[in-house]
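What follows is a single structure, written as structure tokens, with notes after it.
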Amino acid sequence: MPKIIRVKVIPKAKISGISQVTDVLKVKVHAPAEKGKANREVIEILAEYFSVAKSAVILLEGETSSHKVFRIED
């Protein structure tokens, strides 16, 4: 069953990682928020965090926003 995950992205962070903030995951990435670089890094981090393939992490909303919604396929 797919999971719907709300994410707040912090680009250009010194250290990449995830922290839980209420019902929103806070994801820090090294990549800048340009040309989809931060989105690609967020997908890689979420795939590793949920132990799924990168293709199982789908961006549903917020392509150009820091607030995003992802679907994680099992």
Side-chain angles (χ1 to χ4, degrees):
M1 185 163 162
K3 299 173 191 146
I4 302 298
I5 306 296
R6 295 191 179 283
V7 174
K8 166 74 169 130
V9 179
I10 312 297
K12 294 185 177 179
K14 290 183 180 182
I15 300 173
S16 294
I18 294 180
S19 60
Q20 182 78 34
V21 180
T22 62
D23 63 337
V24 177
L25 286 180
K26 188 176 183 183
V27 180
K28 294 181 180 180
V29 295
H30 289 292
E34 60 184 32
K35 300 180 183 175
K37 292 177 184 177
N39 288 343
R40 285 191 293 274
E41 190 172 339
V42 170
I43 288 171
E44 290 175 12
I45 290 171
L46 290 175
E48 184 177 324
Y49 183 78
F50 288 104
S51 300
V52 297
K54 287 188 282 187
S55 61
V57 180
I58 300 155
L59 178 60
L60 298 177
E61 295 176 18
E63 187 173 334
T64 60
S65 172
S66 63
H67 296 276
K68 302 178 184 300
V69 178
F70 287 91
R71 183 174 69 223
I72 312 294
E73 300 287 339
D74 290 336

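Just so you know, these numbers use all the heavy atoms, side chains as well, and skip hydrogens, waters and symmetry mates. Treat the numbers as computed from the prediction; the structure is a model and nothing was measured.
- A distance-only check finds no donor-acceptor pair linking the side chain of Asp23 to the backbone of Arg6 [under 3.5 Å].
- Qualifying side chain to side chain contact (heavy atoms under 4.5 Å, CB included) partners for Glu73, counting only residues two or more places apart in sequence or in other chains: Pro2, Ala56, Ile58, Arg71.
- Taken from CD1 in Ile43 to OG in Ser55, the straight-line distance is 10.0 Å, to the nearest 0.5 Å.
- Here NE2 of His30 is found 7.5 Å from CD1 of Ile45. Values are rounded to the nearest 0.5 Å.
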What verdict does the side-chain contact (heavy atoms from CB on, under 4.5 Å) test give for Phe70 and Val42, after you've listed the backbone C-alpha separation in whole Å, the side-chain angles of each residue and the deciding distance to 0.1 Å?
CA-CA 10 Å; Phe70 287 91; Val42 170; 3.6 Å; yes
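- We find the CG-NZ distance between Asp74 and Lys3 to be 5.0 Å, quoted to the nearest 0.5 Å.
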Evaluation steps, side-chain contact (heavy atoms from CB on, under 4.5 Å), between Val27 and Lys68
CA-CA 10 Å; Val27 180; Lys68 302 178 184 300; over 6 Å; no
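- When all heavy atoms are compared, the tightest approach of Ala33 to Ala38 is CA-CB, 4.1 Å.
- Atom CD of Glu61 and atom NE2 of His67 lie 12.5 Å apart (nearest 0.5 Å).
- Of all heavy-atom pairs spanning Ala31 and Pro11, the tightest one is O-CB, 3.5 Å.
- The CD atom of Glu41 sits 11.0 Å away from atom CG of Leu46, with the distance rounded to the nearest 0.5 Å.
- Side-chain atoms of Gln20 come within 3.5 Å of backbone atoms of Thr22 as a donor-acceptor pair (strictly under, hydrogens ignored).
- Cluster membership for Val29 and Ile72, using ILVMFWY side-chain heavy atoms within less than 4.5 angstrom, is shared.
- No chain of hydrophobic side-chain contacts below 4.5 Å, direct or via other Ile, Leu, Val, Met, Phe, Trp or Tyr residues, connects Ile10 to Val57.
- Annotation for Ile15: atom CD1 does not count as buried by contact number, only 12 or fewer foreign heavy atoms lying within 6.0 Å.
- Remark: side-chain polar atoms of Lys26 are not paired, donor with acceptor, to backbone N or O of Ser19 under 3.5 angstrom.
- Here the straight-line distance linking atom CD1 of Ile5 with atom OH of Tyr49 works out to 8.5 Å at 0.5 Å rounding.
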